[in-house]
Amino acid sequence: MAIVRTAALRSLSLNNLQALSRETYINGKWIKSGSTFSVLNPGTNEEITSMVPNLDQEDCRSAIDAAGNAMITWVALFYTGSSHQYILYWGSLLPVERSKILRRWHDLIMENKEEIAQIITVESGKPINEARGEVDYGASYFSWFADEARRCYGQIIPKNAHGRQLFAVKEPVGVAALITPWNFPLAMITRKIGAALAAGCTVVVKPSELTPLTALAAARLGEEAGLPPGVVNVVTCSPSETKAIGNELCTNPTVKKLSFTGSTAVGKLLMAECASTVKRVSMELGGNAPFIVFDDADIEKAVTGAIASKFRNAGQTCVCANRIYIQEAIHDEFVEKFSNASEQLKVGNGQWETTEMGPLINEAGVEKAINHVRDAISKGGEVVSGGTAATEQGPNFLVPTVIANANENMLFSTEETFGPVAPLFKFTDEDEVVARANCGSAGLASYFFSRDIGRLYRVSAALQYGMIGVNDGIISAEVAPFGGIKESGIGREGGSQGIEDYLNTKYICMSGL
């Protein structure tokens with residue numbers, strides 16, 4: 001593993017993706033690896049780069065050691081003439097100082113917004129306008145947690161005996177391992193790093209092998225923002241090394257906390273491995289979101305909300321509407337308006353300014369979505385629009401698909417489609433649809449549209465989900481807690497709650513006063 005010093009990033013460009021991809025960031029140094037792997041553009045299946053460092057378990061251990069050393073305390077700064085040297089002690093750095101670094105990192109991301117958006121689009125396929133929105137959204141977590149760093153309040157507890165004083169104080173958990181997905185290659189990283197660094201933790205980030213370039217770009221800007229060596233480390237690897245690196249992150253005793261966003265199946269495996277060292281875990285896992293439209297809803301707004309919720313990022317978000325329930329009195333009207341709206345979506349390469357829906361991440365994603373369509377047809381479903389691959393656009397495109405006459409025997413009743421397929425179910429009354437919506441092990445996001453004030457409260461209370469969108473199809477915000485219940489996860493990200501998963505509470509009983 002060769003160690004190479006590079007200058008801080010000043011300008012990102014699609015023209016220097018090859019240079020960007022050749023090194024990853026560990027212990028404040030940009031390193032290369034003797035083994036590399038490729039990243040493809042989902043819109044064309046063409047190779048973007050073949051030079052991303054393919055780190056192994058030993059490299060991951062080095063990254064963990066670096067984070068552990070940086071965790072000890074933070075910063076004495078010595079000057080000798082014009083040179084300076086950091087002695088790293090991150091955990092005890094004043095919150096306001098951690099806040100300044102996060103704020104500067106936020107500003108650098110926004111200064112490089114267009115370049116980062118282009119990288120997101122090229123490696124994930126996301127339409128460029130959605131990618132720009134992700135940069136805004138992702139950067140907002142650094143701004144938010146820059147402020148939250150100064151709000152990790154403890155507690156003075158009323159004493160239970162004379163001569164005693166009782167306290168509860170907040171302290172950083174320690175080294176945090178962060179495993180992030182491909183569908184939001186910037187925002188899923190910033191949402192985790194922002195909370196961890198604000199709390200005083202150091203991190204080892206393992207980005208998806210499908211979208212590592214955004215993580216590397218973010219790390220370069222973090223270095224420029226003033227991150228000390230070892231505070232943030234990025235471990236890139238191919239699928240062949242993923243299992244070994246995941247095992248190291250889960251079992252290494254230096255790592256005190258693991259945060260994972262991804263499938264429920266993988267989350268369960270990681271939780272089992274973390275049990276060996278009794279790590280703190282945060283899990284943002286799969287969803288199967290119900291989207292309910294009652295007959296007293298504003299149908300136009302419900303259609304707009306359903307389109308946004310279902311087809312954003314080609315249906316590849318964990319909070320996408322996966323089951324759309326329509327009350328029978330308005331069913332036919334909604335089906336017609338919704339299918340018409342889906343047919344108006346402009347499908348194409350994410351780099352085109354006019355594109356509203358891009359490709360799926362790979363051919364496996366397309367095949368899963370098409371399999372759900374075939375299954376629905378075999379069980380009585382009616383394809384109202386779409387239902388086929390958009391091969392004229394490329395190998396990973398699917399036409400936005402609407403299926404009527406959906407029923408609970410179909411795969412998308414129990415499986416997350418993660419693609420642009422919208423099954424429409426008919427229902428009769430409130431109690432029935434709430435029971436159907438709550439059926440199953442997923443409990444991440446849910447949505448419903450209604451103008452009945454009593455129903456707004458009843459259904460919000462009755463739905464067994466961590467997040468509920470009422471008359472709104474887009475609910476994520478840096479100021480609000482994001483997370484699920486049941487088998488959709490543990491813990492929360494964002495909001496004032498997001499930093500708590502990276503803090504321990506220490507109780508102090510002081511006597512002899």
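This structure is a prediction, so every number in the text was calculated from the model and none was measured. Counting begins at 1 with the first residue of the sequence.
- Under the 6.0 Å distance and 45° angle rule, Lys301 does not count as a cation-pi partner of Phe449.
- Side-chain atoms of Asn252 do not come within 3.5 Å of backbone N or O of Glu248 as any donor-acceptor pair.
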Please report the C-alpha distance between Glu300 and Lys337 in whole Å, then the side-chain angles of each, then the deciding distance to 0.1 Å, and finally whether the salt bridge (Lys or Arg N to Asp or Glu O under 4.0 Å) criterion is met.
CA-CA 8 Å; Glu300 299 297 336; Lys337 290 182 176 180; 2.8 Å; yes

Please evaluate residues Lys126 and Glu356 with respect to the criterion salt bridge (Lys or Arg N to Asp or Glu O under 4.0 Å), reporting the C-alpha separation (whole Å), side-chain torsions for both, the decisive distance (0.1 Å), and the verdict.
CA-CA 9 Å; Lys126 184 173 294 187; Glu356 296 174 301; over 6 Å; no

Decide yes or no on side chain to side chain contact (heavy atoms under 4.5 Å, CB included) for Leu258 and Met283, but give the supporting numbers first.
CA-CA 8 Å; Leu258 182 133; Met283 296 280 159; 3.7 Å; yes

Given Ile361 and Gln316, is the side chain to side chain contact (heavy atoms under 4.5 Å, CB included) satisfied, shown in steps?
CA-CA 8 Å; Ile361 189 65; Gln316 299 171 116; 3.8 Å; yes

Show the numbers, then the answer: is there a side chain to side chain contact (heavy atoms under 4.5 Å, CB included) between Trp105 and Leu197?
CA-CA 12 Å; Trp105 201 353; Leu197 268 57; 4.2 Å; yes

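- Judged purely by distance below 3.5 Å, without hydrogens or angles, the side chains of Ser21 and Thr49 pair a donor atom with an acceptor atom.
- For CE of Met110, the number of neighbouring non-hydrogen atoms (other residues, nucleotides, ligands) closer than 6.0 Å is greater than 12.
- In this structure, Lys192 forms no cation-pi arrangement with Tyr141, as its terminal cationic atom is not both closer than 6.0 Å to the ring centre and no more than 45° off the ring axis.
- By the 4.5 Å heavy-atom criterion applied to side chains, Leu456 and Ser450 are counted as neighbours.
- In this structure, the salt bridge (Lys or Arg N to Asp or Glu O under 4.0 Å) partners of Lys379, at least two apart in sequence or on a different chain, are Asp375.
- Side chain of Arg323 to backbone of Leu424: no donor-acceptor contact under 3.5 angstrom is found.
- For Lys206 and Glu209, the salt-bridge test passes: some basic side-chain N is under 4.0 Å from an acidic carboxylate O.
- By the 4.0 Å N-to-carboxylate-O rule, Arg191 lies too far from Glu478 to be salt-bridged with it.
- Applying the side-chain contact (heavy atoms from CB on, under 4.5 Å) criterion to Glu408, with sequence neighbours excluded, gives Tyr325, Ser413, Phe425, Arg436.
- Using the six-membered ring where Trp is involved, Phe311 and Phe338 have ring planes that are parallel, under 30° apart on the 30 and 60° scheme.
- Between Glu130 and Arg312, none of the side-chain N atoms (NZ, or NE/NH1/NH2) sits under 4.0 Å from a carboxylate O, so this pair counts as no salt bridge.
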Begin from the C-alpha positions of Ser446 and Met467 and carry the test side chain to side chain contact (heavy atoms under 4.5 Å, CB included) through to its verdict.
CA-CA 6 Å; Ser446 60; Met467 299 177 287; over 6 Å; no

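- Scored by the salt bridge (Lys or Arg N to Asp or Glu O under 4.0 Å) test, Lys170 finds Glu500 as partners (sequence neighbours excluded).
- Ion pairing of Arg455 with Asp296 is present here, as a side-chain N (NZ or NE/NH1/NH2) and a carboxylate O approach within less than 4.0 Å.
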